Amino acid sequence: MEIKFFKPKSEILQKYIEGYYFLTNSKSDLPIEYFTFPNNYSIVSIIENAEVLYSENKGIIKEKKGNPLNSDLICHYKKPIKLSYEGNINEITFYFKPLGLNAFLEKSLCHYTNDFFANFIPFDDYKELFTTILKENNLNKKIELIENYWLSKLKEFQHPFLNQVINDLKDTQKEYSISDLAKKYNTTRQNLTKHFESNLCKSPSDFKKIQRFRDALKSHMNSKNKNNLTSLSYDMLFYDQSHLIKDFKSLTGLTPKNFFKNISSQENGEVNWLFV
């Protein structure tokens with residue numbers, strides 16, 4: 001299996017898309033399995049000539065010639081997803097920043113998914129364009145086609161408080177309760193939750209939990225003292241080390257020690273896998 005990760009070249013797209021990768025697997029490769037872990041991105045995976053079978057927290061991708069383009073939206077998950085690949089696979093996966101995908105869509109994100117994995121064909125020309133992109137062999141041309149396409153669909157996303165709330169929840173120097181945030185933006189906790197579930201497909205509490213987990217991953221990867229979980233707990237605003245361990249077990253199925261021992265990360269520190 002080969003994976004090539006890219007940041008958008010366009011400064012405009014950088015505001016909405018964290019990055020995307022091209023994944024290729026060939027028949028000569030052994031079948032491969034890995035776990036990927038919750039994040040607050042909206043993930044769009046597009047695959048050609050493959051049969052994609054999803055059940056909760058599990059995906060099986062197998063080569064199947066003649067199958068139509070498969071495009072899936074993933075934004076609900078709170079547990080590890082185990083993915084397995086077999087045969088010739090050609091895939092593009094996009095990581096849209098929180099609220100990033102909304103800037104390209106006609107309706108709120110929840111209109112495109114009510115399931116763990118949702119078939120995602122948001123535009124009339126989407127299938128045709130990405131079929132062409134997946135068949136393109138020139139990498140620079142492929143990137144150009146992708147970025148021009150998303151730029152052509154950009155509509156922006158306006159909301160009275162969600163962008164600010166997300167910035168607050170991503171601030172590792174401050175600890176806001178959901179009630180604090182509702183009060184700060186002159187709304188109710190119930191209304192805040194409604195807008196999160198409509199536009200992010202998760203609750204504010206789940207967003208906060210996953211964000212803190214992701215911040216802990218980044219901090220650990222950059223730390224010289226990788227064994228000091230107590231410092232990591234307090235630096236990332238966990239209540240204590242027990243809180244850190246509880247959240248890691250919930251989101252990864254592993255203790256922090258076992259998780260960090262096995263994790264594989266892309267250079268940007270955002271896309272994490274555990275190969276099995």
Side-chain angles (χ1 to χ4, degrees), residues 1-10 13-14 16-54 57-64 67 69-75 77 79-97 100-101 117 120 129-147 149-150 213-214 217-218 220-222 251-252 254 259-276:
M1 177 184 284
E2 181 180 32
I3 299 171
K4 296 179 180 178
F5 189 92
F6 297 90
K7 294 274 191 178
K9 292 184 177 181
S10 162
L13 290 180
Q14 287 170 15
Y16 308 101
I17 300 174
E18 179 64 32
Y20 51 94
Y21 64 78
F22 303 113
L23 181 154
T24 54
N25 194 73
S26 69
K27 276 187 175 178
S28 60
D29 293 327
L30 292 172
I32 192 165
E33 292 185 327
Y34 66 87
F35 286 95
T36 182
F37 302 96
N39 57 55
N40 283 323
Y41 299 133
S42 296
I43 303 169
V44 176
S45 285
I46 306 163
I47 307 173
E48 68 169 353
N49 292 322
E51 180 181 39
V52 183
L53 303 172
Y54 287 126
N57 301 108
K58 187 175 182 180
I60 301 171
I61 301 96
K62 292 183 178 181
E63 177 186 4
K64 189 172 183 180
N67 254 27
L69 187 83
N70 189 288
S71 174
D72 293 296
L73 171 63
I74 306 156
C75 50
Y77 78 114
K79 300 289 184 183
I81 299 176
K82 185 178 182 180
L83 296 173
S84 64
Y85 288 81
E86 186 174 337
N88 290 319
I89 304 295
N90 188 11
E91 173 186 326
I92 305 171
T93 291
F94 295 92
Y95 282 72
F96 288 87
K97 294 181 178 183
L101 184 54
F117 293 89
F120 183 69
L129 189 281
F130 277 101
T131 297
T132 299
I133 289 172
L134 283 165
K135 293 184 185 305
E136 176 60 56
N137 292 320
N138 184 290
L139 183 60
N140 290 328
K141 180 64 175 178
K142 186 178 287 193
I143 290 171
E144 180 185 355
L145 288 169
I146 285 171
E147 300 211 3
Y149 184 72
W150 286 118
F213 161 70
R214 284 284 164 179
L217 292 195
K218 281 187 184 178
H220 177 83
M221 296 295 180
N222 295 326
L251 294 169
T252 72
L254 298 166
F259 178 80
F260 288 133
K261 184 171 66 175
N262 292 287
I263 194 69
S264 173
S265 177
Q266 290 292 300
E267 287 182 4
N268 72 330
E270 294 291 352
V271 185
N272 301 96
W273 297 283
L274 193 158
F275 289 89
V276 294

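Position 1 is the first residue of the sequence; numbering continues from there. Computed from a predicted structure; not experimentally measured.
- Taking NZ of K9 as the start and CD1 of I146 as the end, the distance is 11.0 Å to the nearest 0.5 Å.
- With rounding to the nearest 0.5 angstrom, the NZ atom of K64 is 11.5 Å from the CG atom of N49.
- Here the straight-line distance linking atom CG of N67 with atom NZ of K62 works out to 12.5 Å at 0.5 Å rounding.
- Between P8 and L13, the closest heavy-atom pair is CB-CB, 3.9 Å.
- Using the six-membered ring where Trp is involved, Y41 and Y95 have ring planes that are perpendicular, over 60° apart on the 30 and 60° scheme.
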Check the pair N90 / E48 against side-chain hydrogen bond (donor to acceptor under 3.5 Å, both in side chains), numbers first and verdict last. CA-CA 6 Å; N90 188 11; E48 68 169 353; 3.0 Å; yes
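- Atom OH in Y54 sits 5.0 Å away from atom CD1 in I61 (nearest 0.5 Å).
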Evaluation steps, ring-ring contact (aromatic ring centres under 6.0 Å, His included), between F96 and W150: CA-CA 11 Å; F96 288 87; W150 286 118; 5.1 Å; yes
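- For K97, the NZ atom sits in a packed shell: over 12 heavy atoms of surrounding residues, nucleotides or ligands are nearer than 6.0 Å.
- In this structure, CZ on F130 lies 6.0 Å from CD1 on I92, to the nearest 0.5 angstrom.
- Residues N88 and S26 share a closest heavy-atom pair of OD1-CA, 3.2 Å.
- Y16 is linked by a ring pair (Phe, Tyr, Trp, His ring centres under 6.0 Å) to F104, counting only residues two or more places apart in sequence or in another chain.
- E91 is linked by a salt bridge (Lys or Arg N to Asp or Glu O under 4.0 Å) to nothing, counting only residues two or more places apart in sequence or in another chain.
- What you find for F35 and K82 is that their closest heavy atoms are CE2-CB, 3.5 Å.
- Of the listed residues (F259, F37, Y34), just one forms a side chain to side chain contact (heavy atoms under 4.5 Å, CB included) with P80, and that residue is F37.
- Between I133 and K142 the shortest heavy-atom distance is O-CE, 3.2 Å.
- Taken from CG in N140 to CD in E144, the straight-line distance is 8.5 Å, to the nearest 0.5 Å.
- With L23 as the partner, the side chain to side chain contact (heavy atoms under 4.5 Å, CB included) test is satisfied by one option alone out of T93, I3, I47: I3.
- Note on ring orientation: taking the six-membered ring where Trp is involved, the planes of F94 and Y20 are tilted (angle from 30° to 60°).
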Working note: Y77 + N39, criterion side-chain contact (heavy atoms from CB on, under 4.5 Å); need CA distance, chi angles, decisive distance, verdict. CA-CA 8 Å; Y77 78 114; N39 57 55; 3.6 Å; yes
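- Nearest heavy atoms, K141 versus N138: N-OD1, 2.8 Å.
- With hydrogens and angles ignored, the 3.5 Å screen pairs no side-chain donor or acceptor of T36 with any backbone N or O of I81.
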